[in-house]
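Quick caveat, the model's predicted, so the values are computed rather than measured.
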Amino acid sequence: MNLTVPVEIERAATVELRKLTASRVARQAVPVAAVLGLLAGGGFALRGNGPQPHETLATGTASAGFYVALFVTLAAAAIFAALAAGDEYRHHSLALTAVFTPDRDLLMGAKLGVTAAYSLLLGVSVEVGALLGLLAAGRHRIEFGVRLLSVFGGGLLAVVCWSLLGAALGLLFRSPGPAVLTLILWPLIAEPAIWYVARFVGVPGFAVLFPLSATVGAVMNGSFPKTHFLAPSAASAVVLVLWTAGVCAGAWWYVRRRDL
């Protein structure tokens with residue numbers, strides 16, 4: 001039996017892919033992410049050490065470059081998605097897309113699906129680059145096993161989720177500026193302030209319900225063992241997915257109800 005994609009879905013996905021590939025930044029980001037992972041992963045592995053008892057990083061300081069490269073890629077993916085989605089209103093391309101894809105559910109599904117697929121490609125690129133760097137410069141210091149595999153898996157999830165959050169915020173705000181500002185201010189100011197207040201009033205565990213804590217917990221499996229601000233990796237992943245699903249659902253509903 002031949003499985004074929006319905007023409008409407010193929011057309012909607014093709015439109016979103018062409019928007020993406022038309023951007024030089026999008027085309028260059030994948031190899032840049034791979035090179036970043038390679039250099040950061042290898043550079044830190046040369047001077048770091050492997051896993052040690054009671055160490056802050058469960059995978060050892062030799063793996064610190066991987067985390068640096070991953071979080072840089074995550075931030076770039078989220079901001080790029082917010083800019084792309086917000087600019088759809090400024091350039092009226094979303095309204096034009098709706099002419100050829102009048103089904104708003106199909107339009108949103110294609111847009112978020114392509115965003116997720118592209119961000120997954122970015123995540124794979126940076127992680128493959130980092131893995132090569134770790135193998136080249138730190139294969140005797142890095143413990144290659146289930147923990148590192150879970151870190152890589154959490155990293156892919158985090159990149160995809162934050163990219164979707166960026167796209168959803170761009171659609172909700174109908175402008176790239178407020179969406180990017182939210183992506184910057186939330187992890188740098190807003191959520192750390194919530195952590196501080198939660199600790200001050202004696203409920204530091206409340207912080208695990210927010211996306212920054214969930215992201216760190218999902219990626220840095222087993223690290224920061226003494227902190228109350230991070231849930232176990234699996235629980236953090238669930239919280240991050242729920243935040244992503246909630247914000248994307250809000251953007252989906254908004255696009256369905258409002259004029260484009």
Side-chain angles (χ1 to χ4, degrees), residues 29 56-57 64 67-90 108 111-112 115-116 119 122-123 126 151 154-221 223-255 258:
T56 299
L57 282 180
Y67 295 109
V68 171
L70 178 71
F71 282 111
V72 169
T73 302
L74 182 153
I79 291 173
F80 177 78
L83 289 170
D87 277 341
E88 293 252 30
Y89 288 102
R90 186 170 63 176
M108 282 297 295
K111 183 173 294 298
L112 294 181
T115 299
S119 60
L122 277 180
V126 72
V151 167
L156 292 178
L157 176 68
V159 172
V160 171
C161 285
W162 276 92
S163 183
L164 289 172
L165 285 169
L169 289 173
L171 294 170
L172 281 169
F173 284 116
R174 301 173 69 95
S175 174
V180 171
L181 195 62
T182 301
L183 289 171
I184 293 173
L185 294 183
W186 179 266
L188 292 182
I189 298 176
E191 190 167 329
I194 293 174
W195 293 11
Y196 177 81
V197 172
R199 182 176 182 180
F200 181 77
V201 300
V203 286
F206 182 66
V208 305
L209 299 176
F210 294 93
L212 176 60
S213 170
T215 302
V216 176
V219 175
M220 307 186 77
N221 182 19
S223 299
F224 307 105
K226 296 182 180 180
T227 183
H228 297 289
F229 297 134
L230 302 178
S233 182
S236 294
V238 171
V239 172
L240 181 58
V241 169
L242 289 175
W243 270 96
T244 304
V247 177
C248 287
W252 197 304
W253 176 87
Y254 187 78
V255 169
R258 293 296 298 270

W186 and I194, any side-chain heavy atoms less than 4.5 Å apart:
yes

Step by step, work out the side-chain contact (heavy atoms from CB on, under 4.5 Å) result for L171 and Y254.
CA-CA 8 Å; L171 294 170; Y254 187 78; 5.9 Å; no

Applying salt bridge (Lys or Arg N to Asp or Glu O under 4.0 Å), can you list everything that pairs with R199, at least two apart in sequence or on another chain?
none

Quick check for you: to the nearest 0.5 Å, what is the distance between L169 atom CG and L181 atom CG?
11.0 Å

Is any side-chain heavy atom of L172 less than 4.5 Å from a side-chain heavy atom of V247?
yes

Closest approach of S236 and A231, non-hydrogen atoms and distance?
OG-O, 3.1 Å

Looking at T73 and G123, would you say the former's side chain and the latter's main chain have a donor-acceptor pair under 3.5 Å?
no

Closest contact, heavy atoms only, P187 versus L212
O-CD2, 3.4 Å

Exceeds 12 heavy-atom contacts within 6.0 angstrom, atom CZ of F206:
no

Of all heavy-atom pairs linking G155 and L70, the shortest is CA-CD2, 3.5 Å

Please tell me if the side chains of F173 and T182 come closer than 4.5 Å, counting only heavy atoms from C-beta onward.
yes

Is there a side-chain contact between P204 and W195 (heavy atoms, below 4.5 Å)?
no

What I'd like to find out is whether the side chain of S119 reaches to under 4.5 Å of the side chain of W162, using heavy atoms alone.
no

Is any side-chain heavy atom of L122 closer than 4.5 Å to a side-chain heavy atom of F80?
no

K111 side chain reached by V255 side chain, heavy atoms, under 4.5 Å:
no

Criterion side-chain contact (heavy atoms from CB on, under 4.5 Å) against S163, the qualifying member of L74, I79, T115:
T115

Judged by atom type as modelled, is there a donor-acceptor pair below 3.5 Å linking the side chain of E191 to the main-chain atoms of S213?
yes

Taking all atoms of both residues into account, what is the closest heavy-atom pair of V208 and L230, and its distance?
CG1-C, 3.7 Å

Heavy atoms only: give me the nearest C248-A168 pair and the separation to one decimal.
CA-CB, 3.9 Å

Aromatic plane relationship, W243 with F210 - under 30° parallel, 30 to 60° tilted, over 60° perpendicular:
tilted

Search all heavy atoms of L183 against all heavy atoms of G166 and return the closest pair with its distance.
CD1-CA, 3.9 Å

Can L112 and W252 be said to form a side-chain contact (heavy atoms from CB on, under 4.5 Å), step by step?
CA-CA 9 Å; L112 294 181; W252 197 304; 3.9 Å; yes

